[in-house]
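This report concerns only the one structure given below.
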Amino acid sequence: MIKVRDLKVDFETPGEVVEVLRGVNLSVEEGQATAVVGPSGSGKTTLLNVLGALLPPTSGSVKIGGEDIATFSEKEAARFRNQELGFIFQQHHLLPQLSVLENVLVPRLAGAWSESEDETRKRAAELLRRVGLDHRLDHRPGELSGGEKQRTAVARALINQPRVILADEPTGALDGETGTRVADLLLELQKENGVTLVVVTHDLALAKRVGGVFDLSDQPDLIGVD
Ligand SMILES: Nc1ncnc2c1ncn2[C@@H]1O[C@H](COP(=O)(O)OP(=O)(O)O)[C@@H](O)[C@H]1O
Ligand SMILES: [Mg+2]
């Protein structure tokens, strides 16, 4: 499902070029889960942003479901993000003025969908039941705990029935037990719905549970840096 070959990402800053990804190779089979680990600053978020068509790579090929996202125009990238991917950020990025149910429906506002609005609302409510929030549909994010906010973000990432879920430290802002429950949920969804899951985490216990581990600290050393 995901095949990354010789991926390089440089950032040009005044005075120097920072080589963040220096020839990354990564494969994730359809329906499998992989944890991306590595120290802070090793390029985990950068890699996830490339996979999410949010950041064009400097070079290399990045294939997801047969499409080479490295060649996408901005419009193609937007369609791909909306229809193929669910993205979960470390900070959930919920819209504070909308209810929990409305937040889950936001990705449905873009793109053309054959499903009726009623059907989508039903599915949104069903997803929120699945993540244990059926009693919070009409609440605003400000009235939720951290774990509930993150579970709302998981439901939002699923509303478009993506084939791939990308999660950037989804448990990073949560306490241990709440984080474990969000991780349980992601792994359950991956197993039951056959979605391909890539989770960035610095939590080694979570990485082990996910199964496949991709360690960015194994990249070749920076040239000229000791
Ligand atoms: N837009 C940018 N411009 C310049 N440097 C960046 C930019 N984004 C990230 N970096 C640098 O790239 C490195 C990797 O960042 P990141 O992918 O966020 O790491 P991680 O998520 O593993 O902590 C860091 O050194 C960071 O400062
Ligand atoms: Mg990061």
Side-chain angles (χ1 to χ4, degrees), residues 2-28 33-64 69-70 72-74 77-78 80-81 85-94 146-147 149-151 153-154 156-157 162 164-176 178-180 182-183 186-187 190 196-226:
I2 298 176
K3 231 183 190 64
V4 175
R5 287 292 165 264
D6 206 20
L7 170 63
K8 297 196 171 111
V9 173
D10 301 339
F11 290 114
E12 289 190 28
T13 59
E16 66 166 338
V17 175
V18 186
E19 298 177 331
V20 177
L21 300 178
R22 307 182 292 280
V24 167
N25 293 293
L26 164 71
S27 294
V28 186
T34 291
V36 175
V37 300
S40 176
S42 59
K44 301 183 297 298
T45 294
T46 302
L47 175 60
L48 211 68
N49 287 343
V50 170
L51 294 177
L54 291 164
L55 176 71
T58 306
S59 67
S61 109
V62 182
K63 289 199 172 141
I64 301 193
I69 66 175
F72 277 175
S73 67
E74 267 183 42
F80 178 79
R81 281 195 300 270
L85 293 184
F87 208 106
I88 301 166
F89 300 91
Q90 175 164 7
Q91 303 297 339
H92 41 79
H93 292 307
L94 299 176
K149 284 180 198 154
Q150 200 52 299
R151 282 184 279 147
V154 171
R156 179 184 56 189
V164 177
I165 293 182
L166 305 174
D168 193 358
E169 310 223 20
T171 63
L174 305 175
D175 66 51
T178 315
T180 304
V182 169
L186 281 173
L187 290 170
Q190 174 252 327
T196 308
L197 174 66
V198 180
V199 190
V200 164
T201 184
H202 59 250
D203 175 353
L204 287 180
L206 170 58
K208 278 198 184 126
R209 290 186 56 206
V210 169
V213 175
F214 183 77
D215 191 345
L216 271 175
S217 44
D218 293 341
Q219 285 189 82
D221 284 340
L222 272 178
I223 296 160
V225 173
D226 50 30

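Values below: every heavy atom of this structure, side chains too, minus hydrogens, waters and symmetry copies. Whatever order the structure lists ligands and atoms in, that order sets their numbers, starting from 1.
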Checklist entry - If you count the atoms of ligand 1 from 1 in the order shown, which ones are under 4.0 Å from a heavy atom of S40? => result 23 (O)

Checklist entry - Within less than 4.0 angstrom of ligand 1, does G38 place any heavy atom? => result no

Next on the checklist: Which residue in the set V37, L26, V200 passes side chain to side chain contact (heavy atoms under 4.5 Å, CB included) when paired with F214?
Outcome noted: L26

Checklist entry - What part of V20 sits under 4.0 Å from ligand 1 if we count only heavy atoms: the side chain, the backbone, both or neither? => result side chain

Checklist outcome for this item: Under 4.0 Å between heavy atoms, the region of T13 that gets near ligand 1 turns out to be side chain

Using a 4.5 Å cut-off on heavy atoms from C-beta on, say whether the side chain of [Y] contacts that of [X].
X   : Y    : result
L85 : L166 : yes
L51 : V62  : yes
L47 : L21  : yes

Between [Y] and [X], do the side chains contain a donor N or O and an acceptor N or O under 3.5 Å apart?
X    : Y    : answer
D10  : T58  : no
T178 : D175 : yes
D215 : S217 : yes

Item to check | atom 27 (O) of ligand 1: any protein heavy atom closer than 4.0 Å | outcome: no

Next on the checklist: I'd like to check atom 9 (C) of ligand 1 in this structure: does the protein have a heavy atom lying under 4.0 Å from it?
Outcome noted: yes

I'd like to know if the side chain of [X] reaches the main chain of [Y], judged simply by a donor and an acceptor atom lying under 3.5 Å from each other, with no hydrogens or angles considered.
X    : Y    : value
T180 : G176 : yes
K44  : G38  : yes
R5   : G60  : no

Checklist entry - Heavy-atom distance to atom 17 (O) of ligand 1: which of T46, L47, V50 wins? => result T46

Item to check | Heavy-atom nearest neighbour of atom 23 (O) of ligand 1 within options P39, S42, G41 | outcome: G41

Checklist entry - Within a radius below 2.8 Å of the Mg ion (ligand 2), how many protein N, O or S atoms are present? => result 1

Item to check | Heavy-atom nearest neighbour in the protein, as seen from atom 4 (C) of ligand 1, with distance rounded to 0.1 Å | outcome: F11 CB, 3.4 Å

Checklist entry - What is the closest protein heavy atom to atom 18 (O) of ligand 1, and at what distance does it sit? => result T45 CB, 3.6 Å

Checklist entry - Has ligand 1 got any nitrogen or oxygen that is less than 3.5 angstrom from a nitrogen or oxygen of G43? => result yes

Item to check | L174 vs Q150, side-chain contact (heavy atoms from CB on, under 4.5 Å): CA-CA, chis, key distance, verdict | outcome: CA-CA 9 Å; L174 305 175; Q150 200 52 299; 4.0 Å; yes

